[in-house]
Amino acid sequence: MKSWNSIDDMKKGCEKSISIKGDLVTINNAELFRKETIDALIHNAVFAEDDAVKNAARWVVWEASQSLGCPSGSIHDLYIARAKDEWKNMTVPAINLRGLTYDMARTIFRALKKHETDACIFEIAKSEMGYTDQRPAEFVSCVLGAAIREGWKSPVFIQGDHFQVNAKKFASDKTSEINTLKKLITEAVGAGFYNIDIDTSTLVDLSKDNVSEQQRLNYEVAAELTKHVRKCEPAGLTISVGGEIGEVGTQNSTPEELEAFMNGYNSALGAGTAGISKISIQTGTSHGGVVLPDGSIAKVALDFGVIDKLGEMARKKFGFGGVVQHGASTLPESAFDNFPKHQAMEVHLATGFQNTIFDSKNFPKNLRDEMYEWLNKNCAEEKKAGMTDEQFYYKARKKVFGAFKAKIWSIPENAKMAILEELFGQFDMLFTKLGISNRPGIAAKYVKVLPVHHKMSEYGVAIAHEAMTPDDNPNAD
């Protein structure tokens, strides 16, 4: 794939399907744009050496998505409709794309079309942005580009996962840590993330005497960050904001914690400001699963009763959609149909797809060996005493997505297609079990889509480099 050297090169490379005049993109041949031009734009949005070309390519993708019926959208209104019992028995998958982002997103859209549904979220965590080398505008471009390529005709839900406060940095300099997150929110919303999961659960202090005091910093900072989201969101659009009351991998959440958080959060937020549409809870899982010495994943005792109780409480008492399950992708297949049965609002899925890519017999062995050697040299400090090689590689290999991004994108086409077919099988299974199948237009029915246009010179500019420190919290995704 050719990399363009200038914006003029880009315009010439796209001239058969679109025309660009000032800050206006006109689609002249939609079929050719989908079949050929979009691939070149995505390649340059990710790999162009000139940042001006990168940002211009990303801007074209954004503007084209507005014209072709697949703009970025907020899932907020769909979730609030759940609180009103307008739908049920469906759990929305939120899929983290760490690598092969464009191809993987295309595969997801194909699976969604097969299942006749549009209820799905494409997400990336704050920490993932760092070690996968995917800033918000690049991620948005890859997902919207995939939607264009696959002829998608519905809102696309792109989410910032675990926009998380680092507890140590917060204790050292509260203002600096909060401002770092505000900058990231500003950048993400500006790029088209209209769904933001705020994670201030790291500030919960269980040493306090009562639940309200334990949750105080959690709800106060969550409210402050929610207000910032509302300042950044486009006029007329309500970004879906998520909260979190229990850090995943710790003790299970309780009704008392939810009540303390929501009472404090609503008070701190004040009247007239839209609050959260969902809340993440702990039910017994951990991100990536618990790795045994042989590299296999330990079985999890998941408490669906917690989902039942807190979900009902969220809807009936506090008027938002329900609860979110994290750390689920490594669960056995038999577990997933329990989420819609117990009315989980959303489930986050990441590591299982990473495992499919790296463990596939179709993944080039020489590249895998090169990656593991890189881990030995660059992540040796993460190998704890008593940890086997299998445990170390399993826990650390997510770090290779950034360092080897170009090589992963460039694996032989036959191998890539075989891996994507394996991923399609996973999506096929999950979409059935999560209850999103055969619900045509379920999201579009509730979601209000507004045209949001940008100037070429302003779109995609990174403003939060300091927020991308590697692995602020290794449990964040």
Side-chain angles (χ1 to χ4, degrees), residues 72-80 83 123 125-126 129 136 157-167 169-171 173-205 212-245 247 257-280 314 317-321 324 345-346 447-448 450 452 463-464 466-467 472 476:
S72 185
S74 166
I75 207 165
H76 176 88
D77 289 337
L78 176 66
Y79 283 3
I80 298 304
E123 68 176 4
K126 173 191 169 201
M129 291 177 186
F157 304 112
I158 300 173
Q159 181 160 277
D161 180 28
H162 282 298
F163 276 26
Q164 185 181 75
V165 172
N166 183 291
K169 292 180 181 179
F170 183 88
D173 190 337
K174 169 184 174 180
T175 301
S176 176
E177 178 63 4
I178 291 176
N179 285 341
T180 292
L181 277 172
K182 286 181 177 179
K183 288 180 181 179
L184 178 59
I185 289 168
T186 300
E187 179 180 342
V189 173
F193 281 63
Y194 295 156
N195 307 273
I196 303 288
D197 278 0
I198 294 169
D199 181 3
T200 49
S201 66
T202 51
L203 302 179
V204 172
D205 186 351
S212 181
E213 288 304 309
Q214 290 170 6
Q215 292 285 333
R216 178 175 293 279
L217 282 176
N218 186 14
Y219 65 66
E220 287 180 344
V221 179
E224 181 175 350
L225 293 175
T226 301
K227 291 177 183 178
H228 185 72
V229 171
R230 300 297 172 226
K231 289 180 182 178
C232 295
E233 65 193 7
L237 186 149
T238 303
I239 286 177
S240 173
V241 174
E244 187 159 342
I245 58 171
E247 189 173 2
E257 288 172 336
L258 177 57
E259 179 145 18
F261 175 87
M262 287 307 303
N263 287 340
Y265 173 82
N266 286 336
S267 177
L269 194 63
T273 301
I276 60 173
S277 63
K278 58 183 177 177
I279 195 156
S280 296
K317 188 165 187 175
F318 295 109
F320 63 91
V324 177
M345 170 65 52
E346 181 179 299
V447 171
K448 182 181 181 181
L450 297 173
V452 179
I463 60 172
E466 65 267 40
D472 282 345

Would you tabulate the side-chain donor-acceptor contacts of residues 270-279 under 3.5 Å, counting partners in other chains and residues two or more places apart, or write 'none'?
residue: Ser277; atom: OG; partner: Ser240; partner atom: OG; Å: 2.7
residue: Lys278; atom: NZ; partner: Gln159; partner atom: OE1; Å: 2.7
residue: Lys278; atom: NZ; partner: Asp197; partner atom: OD1; Å: 3.0
residue: Lys278; atom: NZ; partner: Glu346; partner atom: OE1; Å: 2.9
residue: Lys278; atom: NZ; partner: Glu346; partner atom: OE2; Å: 2.9

Inset, instruction - Evaluate side chain to side chain contact (heavy atoms under 4.5 Å, CB included) for Leu217 paired with Asp205, printing each intermediate quantity in order. - result: CA-CA 8 Å; Leu217 282 176; Asp205 186 351; over 6 Å; no
Legend entry - Side chains of Tyr194 and Pro234 in contact at under 4.5 Å (non-hydrogen atoms): yes
Inset, instruction - Go through Lys126 and Leu181 one step at a time and tell me if the side chain to side chain contact (heavy atoms under 4.5 Å, CB included) criterion holds. - result: CA-CA 9 Å; Lys126 173 191 169 201; Leu181 277 172; 4.1 Å; yes
Inset, instruction - Provide the full list of salt bridge (charged side-chain N to carboxylate O under 4.0 Å, His left out) pairs with a residue in residues 259-274, sequence neighbours left out, each pair given once. - result: Glu259-Lys317
Inset, instruction - Search all heavy atoms of Ala222 against all heavy atoms of Ile198 and return the closest pair with its distance. - result: O-CD1, 4.0 Å
Legend entry - Distance in Å, Ile75 CD1 paired with Met345 CE, rounded so as to fall on 0.5 Å steps: 9.0 Å
Legend entry - With Asn218 via side chain to side chain donor-acceptor pair (under 3.5 Å) - residues at least two apart: Thr200, Gln215
Inset, instruction - Before accepting this row, confirm whether a basic side-chain N of the pair Lys183/Glu187 lies closer than 4.0 Å to the acidic partner's carboxylate O. - result: no
Legend entry - Set of residues satisfying side chain to side chain donor-acceptor pair (under 3.5 Å) with respect to Asp173, sequence neighbours excluded: none
Inset, instruction - Give a yes or no on whether the backbone of Glu244 and the side-chain of Ser201 come within a donor-acceptor separation of less than 3.5 Å. - result: no
Legend entry - Shortest non-hydrogen contact between Gly319 and Ile80, atoms and distance: O-CD1, 4.0 Å
Legend entry - Value rounded to 0.5 Å, distance of OG in Ser267 from CD in Glu220: 9.0 Å
Legend entry - Thr226: partners by side chain to side chain donor-acceptor pair (under 3.5 Å), with sequence neighbours left out: Tyr265
Legend entry - Nearest heavy-atom neighbours spanning Ile158 and Asn195: O-ND2, 3.1 Å
Inset, instruction - Return the set of residues passing salt bridge (Lys or Arg N to Asp or Glu O under 4.0 Å) with Lys174 (not counting sequence neighbours), or none when no residue passes. - result: none
Legend entry - Close side-chain approach of Lys182 and Leu225, heavy atoms under 4.5 Å: yes
Inset, instruction - Look only at the side chain of Glu177 and the backbone of Asn166, and say whether a donor-acceptor pair between them is shorter than 3.5 Å. - result: yes
Inset, instruction - Considering only NZ, NE, NH1 and NH2 on the basic side and carboxylate oxygens on the acidic side, decide whether Glu224 and Lys227 come within less than 4.0 Å. - result: no
Inset, instruction - Please examine the side chains of Phe261 and Gln214, heavy atoms only from C-beta on, and report whether any two atoms are closer than 4.5 Å. - result: no
Inset, instruction - Search all heavy atoms of Ile178 against all heavy atoms of Phe170 and return the closest pair with its distance. - result: CD1-CE1, 3.9 Å
Inset, instruction - Over all heavy atoms of both residues, which pair between His76 and Ile239 is shortest? Give the atoms and the distance, please. - result: ND1-O, 4.1 Å
Legend entry - Nearest heavy-atom neighbours spanning Asp199 and His162: OD2-ND1, 2.9 Å
Inset, instruction - Would you indicate whether the side-chain heavy atoms of Ser72 and Phe193 approach each other to under 4.5 Å? - result: no
Inset, instruction - Would you check if Tyr219 and Ile245 make a side-chain contact, meaning some heavy-atom pair closer than 4.5 Å? - result: no
